[in-house]
Amino acid sequence: GGGGRLFVAMTTLAPETEFCDSEVYHWPYLSVPRVCLLSSFWDIAAALVVYPMWQLKTSEQAGDARSTWQAAQPLLRHHGVQGLYRGAAFATSALLPASCAYLCTYEWSKHWLGQWLSHAAVPGVASVAADVTYSLLATPVEVVTVRLQCAHAAGKIHRGAWAEAKCLWAEGGPRRFYRGTLLSVAYALPEGITWWMAYEHTKKFLRRAEVGELASYWGSALVASTASSLLANPVDVMKTRTQAGVSLLPESGLFTRGLAPRMVMSAVGGLLEASGYEAIMHYGRAA
């Protein structure tokens with residue numbers, strides 16, 4: 001149908017290369033500027049839905065709130081719905097280059113690795129390269145954003161992203177912007193490997209079972225998001241607390257702290273990511 005065409009993936013295989021049934025290597029056919037433009041539009045739209053979950057997750061993981069509702073109450077009481085979007089404009093725009101680099105690195109790595117590795121292993125290994133690239137570019141932005149979110153949740157004087165960045169520089173120079181980088185990588189690698197392996201292989205299984213395209217994409221995204229969130233949440237808690245500048249371990253709830261908004265954020269984000277990924281791979285081809 002018309003809606004399904006938006007999310008249809010390429011099915012043309014690279015010439016003179018043999019691939020398994022539903023493995024698609026997009027890189028030779030993509031226009032990088034077009035991919036980055038489409039990715040940016042999609043990320044901005046997705047942030048309208050996902051960013052409030054990031055705010056609540058940070059408030060619960062790095063603050064004293066013991067539940068998502070407890071984290072949301074002061075924000076909504078003092079600032080309304082707008083309180084859930086503190087730092088959203090800065091974070092969304094500043095993360096666009098990292099998101100574009102992530103997508104391009106994943107596709108390039110998948111195409112190159114497909115010549116040497118088993119097709120079953122390619123998504124997981126390609127995600128490692130993509131996640132390391134993303135972490136290096138995104139960690140400074142995440143550190144500033146988490147500081148904005150924590151200050152907002154605690155009711156402190158509102159400073160802009162530039163003011164927070166200057167404070168971070170005064171605290172430790174460029175190294176301060178990479179606080180929590182090792183934890184970011186330790187979180188991103190298992191999360192990314194789990195997500196892409198689960199997504200690609202579940203999609204392959206569902207397509208072989210003749211499930212509709214859109215249903216197979218969304219079903220695969222939900223499976224991938226649930227598995228990756230449960231696996232990576234403890235490291236995510238430690239990463240967020242390190243970026244916020246509080247003690248590494250919470251008094252309780254390491255495995256469950258912030259899990260509810262994290263699951264919602266991951267599920268919604270996964271659906272958007274899967275839809276966007278398939279659409280970008282289709283419409284991002286060179287003319």
Side-chain angles (χ1 to χ4, degrees), residues 3-12 23-54 85 87-114 122-142 144-145 184 188-189 191-193 195-200 203 213-214 217-218 220-222 224-225 228 265-287:
R5 285 197 297 271
L6 176 63
F7 307 106
V8 67
M10 289 171 53
T11 55
T12 305
E23 187 59 68
V24 180
Y25 290 80
H26 309 278
W27 184 253
Y29 309 104
L30 294 178
S31 164
V32 172
R34 185 175 296 183
V35 166
C36 290
L37 182 63
L38 291 170
S39 174
S40 297
F41 280 125
W42 195 267
D43 285 344
I44 292 170
L48 295 174
V49 180
V50 176
Y51 188 85
M53 293 298 102
W54 185 6
Y85 287 92
F90 164 74
T92 303
S93 58
L95 286 172
L96 292 180
S99 297
C100 179
Y102 177 92
L103 193 58
C104 291
T105 302
Y106 177 73
E107 285 303 317
W108 179 85
S109 299
K110 193 168 70 165
H111 171 69
W112 186 80
L113 291 167
V122 165
V125 181
S127 74
V128 172
D131 282 320
V132 170
T133 300
Y134 182 86
S135 294
L136 291 174
L137 295 173
T139 297
V141 179
E142 291 181 348
V144 174
T145 302
S184 293
L189 292 187
E191 195 266 352
I193 291 171
W195 200 95
W196 282 109
M197 291 288 283
Y199 178 76
E200 298 279 19
K203 181 175 69 173
E213 288 173 346
L214 185 55
Y217 299 152
W218 284 10
S220 302
L222 289 175
S225 298
S228 60
M265 177 181 173
S266 183
V268 175
L271 292 174
L272 293 172
E273 182 175 353
S275 301
Y277 171 73
E278 301 295 346
I280 291 167
M281 291 302 101
H282 182 66
Y283 291 106
R285 288 178 289 180

Does the side chain of [Y] come within less than 4.5 Å of [X]'s, by heavy atoms?
| X | Y | value |
| --- | --- | --- |
| E273 | L103 | no |
| S275 | Y217 | no |
| L189 | V132 | yes |
| R34 | I280 | no |
| L95 | Y102 | no |

For the residue pair Y199 and W195, does the interplanar ring angle fall in the parallel (under 30°), tilted (30 to 60°) or perpendicular (over 60°) class?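 Ring orientation, 0 to 90° scale: parallel.
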So Y277 and Y106, would you call those rings parallel, tilted or perpendicular, with 30° and 60° as cut-offs?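 Rings of Y277 and Y106: perpendicular, as their planes differ by over 60°.
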Out of curiosity, E278 CD to Y283 OH, how far, rounded to the nearest 0.5 Å?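 Here the rounded value is 12.5 Å.
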Give a yes or no answer on whether the side chain of [X] reaches the backbone of [Y] with a donor-acceptor pair at less than 3.5 Å.
| X | Y | answer |
| --- | --- | --- |
| T92 | A89 | no |
| W42 | L272 | yes |
| S39 | V35 | no |
| S228 | S225 | yes |

Closest non-hydrogen atom pair, [X] against [Y]:
| X | Y | value |
| --- | --- | --- |
| G87 | Y51 | C-OH, 3.4 Å |
| S99 | D43 | CB-OD2, 3.0 Å |
| C104 | V32 | SG-CG1, 4.0 Å |
| T133 | A101 | CG2-CB, 4.0 Å |
| T145 | W54 | CG2-CH2, 3.7 Å |
| A47 | Y85 | O-CE2, 4.2 Å |

Under 2.5 Å between SG of C36 and C100: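 Looking at C100 and C36, their sulfur gamma atoms lie closer than 2.5 Å, so the answer is yes.
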Verify the distance criterion only: is there a donor paired with an acceptor across the side chains of Y29 and E107 at less than 3.5 Å?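 No, no side-chain donor-acceptor contact under 3.5 Å.
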